[in-house]
> 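Before anything else, here's the structure in question.
Owing to the predicted nature of the structure, the values given are computational and were not obtained by experimental measurement.
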Amino acid sequence: MVQSEFDLIRRYLASRPTQRADVLLGIGDDCALLRVPQDAALAVTLDTLVAGIHFASDADPVGIGHKSLAVNLSDLAAMGAVPAWATLALTLPESDESWLAAFCEGFFALAGQFQVQLVGGDTTHGPLSISVQAHGFVPGHQALRRDGANPGDLIFVTGSPGDAGMALAILQGRLTPPSDSEQATYLQTRLDKPTPRIRQGLELRGLASAAIDISDGLAQDLGHILESSGLGASLQVDQLPYSPALATYADTAIAMALAGGDDYELCFTAPPAQVERILDLAAGWDCACTQIGVIETELGLRHLRADGTVYQPVRLGYDHFA
């Protein structure tokens, strides 16, 4: 029997275990009523995932559910914000309960991990797309912004950028899958289930001068920091961190790490005086933290090899309308 819109909301979205004390009224009315701490600024972000653009129409709905929330939590991480609430606008081509149950499995597993409560949204009929708005708290003076970089700051990246882009290239038939099945699985997981670097963003408060999450490619997103800060940078491409899986694709590893996109790692800058403290903290992280460049007064982003020669990337990142 086909479930109505309201049946789907009640059964799959309204009754969930994460219940926060700062939610005065959640799903079930015209608006949610939420309490923002007096000493915090409210960080708000929204991303839309569209079938055929951000994921294949036949992709695993568990992964789609996870990723739809993860990409928003990654934005909160880049601001140094503690996640709190989310809203969900879900457009479905049909009332498919098995698909929705699997989607919710992925979405709410990640929500529970970070104590995020779904507080509202909308469901409608149409081409498959998912819009999630996430909300978090951060002391206004401690928010990590794009416009705070200074000349002489060092540039860092978490994790290993390029893995998700490589997985997409394999999925699209542009590259051959690795012969090692564990490496193939690793790359696909990095594309389907990115890890929001919430802990890293919180611990970088007061230490990093600027930050951004890598959604469209490391080079392009670093460029947003440079533009907002009115500065330039030199990026040492031979210092880019590679996962073992990406390293097997030697001919394309640099290009993929710079412009692959969908990494949802953090790129951040920090003054030299804070580097020792950052590296001490990073020793306890579940991901790498690698210095890859330096902020400079000369505008533009320069890609340099270890021997001092210039590396010219084919592209800098993803653009929906390019």
Side-chain angles (χ1 to χ4, degrees), residues 47-75 77-78 99 102-103 106-107 110 127-132 157-197 212-224 237 240-267 287-288 292 303 313-322:
D47 277 289
T48 296
L49 303 184
V50 179
I53 302 296
H54 301 93
F55 59 88
S57 298
D58 60 351
D60 175 18
V62 176
I64 298 172
H66 173 103
K67 191 170 185 176
S68 66
L69 180 59
V71 301
N72 286 272
L73 297 186
S74 181
D75 284 331
W99 189 97
F103 172 89
F107 185 98
L110 186 62
L128 179 59
S129 69
I130 303 109
S131 293
V132 174
V157 67
T158 65
S160 53
D163 293 335
M166 186 63 71
L168 181 60
I170 293 169
L171 193 65
Q172 294 175 338
R174 293 184 281 122
L175 289 172
T176 303
S179 57
D180 186 323
S181 60
E182 290 188 5
Q183 289 185 350
T185 299
Y186 164 81
L187 291 174
Q188 192 63 43
T189 300
R190 290 277 285 153
L191 175 64
D192 293 342
K193 294 186 176 181
T195 301
R197 302 302 186 188
I212 192 170
D213 81 319
I214 306 171
S215 56
D216 295 323
L218 170 59
Q220 183 160 283
D221 287 323
L222 173 57
H224 297 320
V237 298
L240 293 170
Y242 302 144
S243 67
L246 184 62
T248 62
Y249 293 85
D251 293 341
T252 57
I254 291 178
M256 200 61 71
L258 285 175
D262 255 7
D263 294 305
Y264 301 102
E265 297 291 349
L266 298 184
C267 178
C287 65
I292 57 172
H303 303 80
V314 175
R315 65 188 184 96
L316 296 180
Y318 183 76
D319 184 334
H320 280 279
F321 297 102

> Check whether any side-chain heavy atom of Phe55 sits under 4.5 Å from a side-chain heavy atom of Leu168, and report yes or no.
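The answer is no, as the side chains (C-beta and beyond) never meet within the 4.5 Å cut-off.
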> Could you walk me through whether Ile130 and Phe103 pass side-chain contact (heavy atoms from CB on, under 4.5 Å), step by step?
CA-CA 11 Å; Ile130 303 109; Phe103 172 89; 4.0 Å; yes
> Side-chain donor-acceptor pairs under 3.5 Å in residues 64-72, sequence neighbours left out?
unit_1, atom_1, unit_2, atom_2, d
His66, NE2, Pro194, O, 2.9
Lys67, NZ, Leu191, O, 3.0
Lys67, NZ, Asp262, OD2, 2.7
Ser68, OG, Ile64, O, 3.3
Ser68, OG, Gly65, O, 2.9
Asn72, OD1, Asp47, N, 3.2
Asn72, ND2, Ser68, O, 2.9
Asn72, ND2, Val132, O, 3.4

> Ala245: what forms a side-chain contact (heavy atoms from CB on, under 4.5 Å) with it, not counting sequence neighbours?
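Ala245 satisfies side-chain contact (heavy atoms from CB on, under 4.5 Å) with Gln183, Tyr186, Leu187, Ser243 once adjacent residues are dropped.
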> Drop me the distance from Leu266's CG to Ser74's OG, to the nearest 0.5 angstrom.
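Result: 6.0 Å between the selected atoms.
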> Restricting to pairs with a member in residues 175-187, which pass salt bridge (Lys or Arg N to Asp or Glu O under 4.0 Å), not counting sequence neighbours?
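The answer is none; no pair qualifies.
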> With sequence neighbours left out, write down each residue that passes side-chain contact (heavy atoms from CB on, under 4.5 Å) with Thr48, or none if nothing qualifies.
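Residues passing side-chain contact (heavy atoms from CB on, under 4.5 Å) with Thr48: Leu46, Val50, Ser131.
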> Quick one: list whatever passes salt bridge (charged side-chain N to carboxylate O under 4.0 Å, His left out) with Asp163, sequence neighbours left out.
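Salt bridge (charged side-chain N to carboxylate O under 4.0 Å, His left out) check on Asp163 returns Arg190.
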> With heavy-atom distances below 4.5 Å as the criterion, would you say the side chains of Leu218 and Asp263 are in contact?
no
> Listed by chain and number, what are the side-chain contact (heavy atoms from CB on, under 4.5 Å) partners of Ala56, not counting sequence neighbours?
Asp58, Ala59
> Looking only at heavy atoms, what is the nearest atom pair of Ser160 and Glu265, with distance?
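That closest heavy-atom pairing would be N-OE2, 3.9 Å.
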> Gln188: what forms a side-chain hydrogen bond (donor to acceptor under 3.5 Å, both in side chains) with it, not counting sequence neighbours?
Asp192
> Quick one: side-chain hydrogen bond (donor to acceptor under 3.5 Å, both in side chains) partners of Thr189, sequence neighbours excluded?
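side-chain hydrogen bond (donor to acceptor under 3.5 Å, both in side chains) check on Thr189 returns nothing, list empty.
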